[in-house]
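Notes follow once the structure below has been shown.
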Amino acid sequence: MSDLLANLNPEQLAAVTLPPQHALILAGAGSGKTRVLTTRIAWLISTGQVGPHGILAVTFTNKAAKEMLARLTAMLPINTRGMWIGTFHGLCNRLLRAHHREAGLPSLFQILDSSDQLSAIKRLIKNLNVDDVKYPPRELASFINAHKEQGIRAAQAEAYDEYTSRRVALYAEYDAQCQREGVVDFAELLLRSYELLTRNEPLCRHYQQRFRHILVDEFQDTNRLQYAWLKLLAGHGERQRRSAAGPSQGGTSQRMERSEPLSPPSAGRGPGGSAVTFVAGPPQDRTARGEAASATSPEAQNPVSSSRSDDEIAPPRGEGIGGGACLFAVGDDDQSIYAFRGAEVGNMRDLEREFDVANVIRLEQNYRSHGNILDAANALIKNNRGRLGKNLWTEAGAGEAIRVFEASSDLDEARLIVDEVRELARDGFARTQIALLYRSNAQSRVLEHQLFSANVPYRVYGGLRFFDRQEIKHALAYLRLIGNSDDDTAFSRVVNFPTRGIGNRSLEALQEAAHRANSSLYNAAASLGGKAGSSVGSFIRLIETLRSETAGLPLPEVIDHLIEKSGLRQHYLTEKEGRERLENLDELINAATNFLQEESDSADEDASPLASFLAHASLEAGEHQAGEGQEAVQLMTVHAAKGLEFDAVFISGLEQGLFPHENAAQERDGLEEERRLMYVALTRARKRLYLSHAQTRMLHGQTRYCLPSLFLEELPEELLLKVNRAPAYAASVPSRSSSAAPARVSEQTSANGLRIGQNVEHAKFGLGVIVSAEGRGSDARVQVNFGAQGMKWLALEYAKLTPV
DNA sequence: TAATAGTGTGTTTTT
DNA sequence: CACACTATTA
């Protein structure tokens, strides 16, 4: 066991061996966070403080969960199967599968991914004859999700105006539709399991007693609901005091007043109440029988796992906290980059306060980057207010300077980068160790083009994932329909794919009928299209036949069969781009085979393989990416790079309006989130870091003139090496990329020395670039991009613009 | 009903 | 510049 703890630095050791108490570990980038987390688990188990079944470990990504599991098996001679280690969504899914009845869900409930959810909403809007211009489906989706992530049901949602009250009504309708169809979206997975636990006290107590130690990774990314879920399981949900103000720390005041508490949606019961109530919300199955049965052993129905021995909860020793689990949260507020998705960095401060965390342990020694890189990152992030505070350091030397270059255009930037990449490769850098990072996906295009023409192998992350491909979704929709014919999302997806003569007209009739009969599309179709010979009727018969023919077959064969009989194979056989799609369909069959194999030895739920495979498909859209490249340069957004590291990193497009992104200026604390994003980007690099920006960039088919990013100025000059090769390139690129815009540049040069592309200064708006101009003489107006201040039209006669 | 030409709209997105 | 979605034809 002692070798478990070998090679930990003092802070890591302190964190790993912390006595049973709540803890917050502030783990900087590259400080060995995952190691601490897994070693902590291993240490707790190997010292007999807790059995494997007393552990609940939560991550955000499947990758992180798998990593944790892998490291754990390497450290301990135990069977990790059946341990509760997984993502929030995965664990909630598991909980709901085990107690679907109590949660009011069918045993084969399906999970809607984001695009499924969107189409469900579109369908709803059409059904209810709602104006989709006034209520855009996308916007409605985020409205609903935001509420669910705050733990707010439609019944409790605040409707401060006509518009919002309509949206709340639609929220309610949407939930009803999901309930009818037996499907849950991602947020619902969490909210539903939270409600299950708050409403079913015996069940909740069972889990509270089972889990002695709860460990959370990337805690800064938790949203309100996830935090509430953790608190509940830690047995800390009821006695939180949300009293007034509290110790007023600078910068946190706004979030303390978030008043609406996350309480179960039962009327007239404060957070202190304990009566088991079933009110509001989606229909609940309230059989006392179900409760009692599950309370004794929630997974008792599971005949698979033979050894129940270590399920016996070890008697809590030296338990400092009455009845609850110890919450061990690891996070880094400086790497919180998902606020736009509902993550609440403030949860860290709340945790510290609400769980009376005695001492926050800081892991600041970085094992990844050279000193200069860390210095730059530290300097940058100092500009954010309200941090928990942390300074990364390393024993490695300062290393090389950070290279900065300015290109004349995005094309030039790409060229410079690719040239440098090739040089790095010549110098012995592995291509997989070179990453090209950018703020938005659109930027990858130019880079890809350059890499391609230079014959440099590359791999782009974040393209569409395996289970997101249309052919896969189609096949899965058939599978879903076999499992649950109420699934209207699946029904609409494949009712006319491959085309079988069921167009808009018959579909609308179907929807009308289903709406009237309050039944699923499938049932409406079955009764309506009963007349043999109709195309709708034959679709129903197709599904029925599929269902009966595949009954009892192993999953891969079911899929194979359905691909054949549905006509999918035939369809893609004739389509010219269909070859790859056919390969993917075959790959789906393989995936099912592999899934069964992996699942068979992971004593999991007793759920049908069909249900768990479908859940797997939605929850693990799959690292299953094309071109699992060997020796390829890595391209990805900064978001996607979080958690990764590379020997050499290029951060491109460091321009005002792009990074920081202009839309971020509108959002509350938007600039600070952008800065954290930049911080994440910087700290990905081990040895060499390149920062680049371009003077002009093609955006939406138009040339834009750009100022260097504010973030470049925030880096200490002495760490930077400006490699400005832009002029040479500008000269070598004559007019070919430029027919319209630059021609006008000279044309429009005016007497006061202002021209397009000119940097100017304005008394109020600060530094900007002239983007375009119109009018002459006293009418002359110029459009200036002031970066974060936005784009402005200014009359030359009045606005004082000084050329810079 | 289905394929085609037109229009409008563009961050980031672990699940 | 590209893509998704709409309105239009055959």
Side-chain angles (χ1 to χ4, degrees), chain A residues 58-67 86-93 111-119 122 132-133 136-138 141-142 145 148-149 184-190 217-218 220-223 225-226 335-343 410 437-446 449 461-462 464-465 467-468 496-508 535 615-623 636-644 653 657-667 670 673-674 676-678 680-681 697-704:
Chain A
V58 199
T59 64
F60 277 86
T61 66
N62 294 299
K63 206 168 137 199
K66 274 196 196 115
E67 165 99 11
T87 63
F88 276 103
H89 298 266
L91 295 173
C92 286
N93 176 49
I111 299 166
L112 301 185
D113 66 23
S114 330
S115 63
D116 292 334
Q117 182 189 34
L118 194 63
S119 42
K122 282 178 183 164
D132 62 353
V133 179
R138 281 195 63 83
S142 44
N145 291 336
K148 288 190 179 182
E149 279 159 10
V184 296
D185 59 48
F186 284 143
E188 182 72 23
L189 228 33
L190 277 138
D217 192 17
E218 307 275 20
Q220 78 283 351
D221 288 337
T222 52
N223 61 35
L225 179 57
Q226 285 158 340
Q335 290 190 69
S336 159
I337 55 174
Y338 285 107
F340 72 94
R341 253 177 128 258
D410 50 350
L437 308 185
Y438 34 82
R439 174 66 237 265
S440 65
N441 282 308
Q443 290 168 253
S444 77
R445 200 164 222 80
V446 225
H449 184 77
Y461 279 76
L464 70 159
R465 291 178 290 197
F467 287 107
D468 288 338
N496 195 33
F497 193 96
T499 51
R500 44 176 75 90
I502 303 174
N504 267 328
R505 208 178 54 216
S506 21
L507 217 56
E508 265 164 34
S535 33
H616 167 82
S618 328
L619 292 176
E620 300 180 42
E623 259 309 287
M636 67 193 86
T637 64
V638 181
H639 281 92
K642 190 173 136 191
L644 306 178
L658 191 62
F659 197 0
H661 198 279
E662 52 200 345
N663 295 0
Q666 267 75 42
E667 274 149 48
E673 176 140 322
E674 293 290 304
R676 289 193 292 269
L677 198 51
M678 179 67 178
V680 168
R697 183 171 294 276
M698 278 297 258
L699 210 59
H700 311 325
Q702 278 187 330
T703 308
R704 259 177 60 163

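To find a chain, count down the sequence lines: A is the first, B the second, and so on, and within it residues start at 1.
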Just to be sure I understand the rule, does [X] reach a base, reach only the sugar-phosphate, or reach nothing, if contact means heavy atoms closer than 4.0 Å?
| X | result |
| --- | --- |
| A:S618 | nothing |
| A:A664 | base |
| A:E674 | base |
| A:S114 | base |
| A:G503 | sugar-phosphate |
| A:E667 | base |

Measure from the side chain of [X], starting at C-beta and using heavy atoms only, and say which of [options] lies closest.
| X | options | result |
| --- | --- | --- |
| A:N496 | B:dA2, B:dT15, B:dT12 | B:dA2 |
| A:T61 | B:dT14, B:dT11, B:dT1 | B:dT14 |
| A:L619 | B:dT12, B:dT14, B:dT15 | B:dT15 |
| A:T87 | B:dT14, B:dT13, B:dT15 | B:dT15 |
| A:N441 | B:dT15, B:dT11, B:dT12 | B:dT12 |
| A:R445 | B:dA2, B:dT13, C:dC3 | C:dC3 |
| A:D221 | B:dT12, B:dT14, B:dT1 | B:dT14 |

Using whole Å, what does the distance between atom [atom2] of nucleotide [N] and atom [atom1] of [X] come to?
| X | N | atom1 | atom2 | value |
| --- | --- | --- | --- | --- |
| A:D410 | C:dC1 | CG | P | 13 Å |
| A:K66 | B:dT15 | NZ | C1' | 13 Å |
| A:M636 | B:dT11 | CE | C1' | 18 Å |
| A:Q666 | B:dT12 | CD | C1' | 15 Å |
| A:E662 | B:dT9 | CD | P | 16 Å |
| A:F88 | B:dT15 | CZ | P | 13 Å |
| A:Y338 | B:dT15 | OH | P | 9 Å |
| A:H449 | C:dA2 | NE2 | P | 10 Å |

Has [X] got a side-chain N or O lying under 4.0 Å from the OP1 or OP2 atom of [N]?
| X | N | result |
| --- | --- | --- |
| A:K122 | C:dC5 | yes |
| A:R138 | B:dT11 | no |
| A:T637 | B:dT11 | no |
| A:N62 | B:dT15 | yes |
| A:T499 | B:dT1 | no |

Judged by each residue's nearest nucleotide on DNA chain B, which is more toward the 5′ side, A:G501 or A:N663?
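Checking each residue's closest nucleotide, the 5'-ward one belongs to A:G501.
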Earlier contact from the 5' end, DNA chain B, for A:R505 and A:H639:
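By nearest-heavy-atom nucleotide position, the 5'-most residue is A:R505.
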Could you go through A:E620 and A:T87, starting from their C-alpha distance and side-chain angles, then the distance that decides it, and tell me whether this counts as side-chain contact (heavy atoms from CB on, under 4.5 Å)?
CA-CA 10 Å; A:E620 300 180 42; A:T87 63; over 6 Å; no
What base-paired stems does DNA chain B take part in, with at least 3 consecutive Watson-Crick or G-U wobble pairs and both distances under 3.5 Å?
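Consecutive-pair runs (3 or more) involving DNA chain B: B:1-10 with C:1-10.
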So that I know where these two stand, are A:H639 and A:F340 an aromatic pair - ring centroids less than 6.0 Å apart?
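Yes: the rings meet the under 6.0 Å criterion.
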Ion pair A:R704/A:E662, N-O distance below 4.0 Å
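A salt bridge is present here (some side-chain N lies under 4.0 Å from a carboxylate O).
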What I want to find out is whether A:R341 reaches A:D221 closely enough, with some N-O distance under 4.0 Å, to be called a salt bridge.
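Salt bridge absent between A:R341 and A:D221.
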Syn or anti for C:dT6, with syn set at within 90° of 0?
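Anti, since the glycosidic angle lies more than 90° from 0.
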Side-chain touch A:N93/A:H89, heavy atoms, less than 4.5 angstrom
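A:N93 does not reach A:H89 side chain to side chain.
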Show your reasoning for whether side-chain contact (heavy atoms from CB on, under 4.5 Å) applies to A:K148 and A:L190.
CA-CA 8 Å; A:K148 288 190 179 182; A:L190 277 138; over 6 Å; no
Starting from the C-alpha separation in whole Å, work towards a yes-or-no answer on side chain to side chain donor-acceptor pair (under 3.5 Å) for A:Q443 and A:S440.
CA-CA 6 Å; A:Q443 290 168 253; A:S440 65; 3.3 Å; yes
Distance check, rounded to the nearest 0.5 Å: A:N62 atom CG versus A:E67 atom CD?
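If we round to the nearest 0.5 Å, A:N62:CG and A:E67:CD are 13.0 Å apart.
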If you measure from the C1' atom in C:dT6 to the same atom in B:dT11, how many Å do you get, rounded?
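After rounding to an integer number of Å, I get 25 Å for this pair.
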Using the rule given for side-chain contact (heavy atoms from CB on, under 4.5 Å), can you reason through A:L619 versus A:I111, listing the C-alpha separation, both sets of side-chain angles and the distance that settles it, and then say yes or no?
CA-CA 8 Å; A:L619 292 176; A:I111 299 166; 4.0 Å; yes
A:H89 ring over B:dT15 six-membered base ring, under 5.5 Å and 30°
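It does not: the two rings, one from A:H89 and one from B:dT15, miss the stacking criterion.
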If you go through the side-chain atoms of A:R341, does one of them form a donor-acceptor pair with the base of B:dT12 closer than 3.5 Å?
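By the distance-only test, no, there is no pair.
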Which atoms form the tightest heavy-atom contact between A:K642 and A:Q335, and what is the distance?
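Heavy atoms of A:K642 and A:Q335 come nearest at NZ-O, 3.6 Å.
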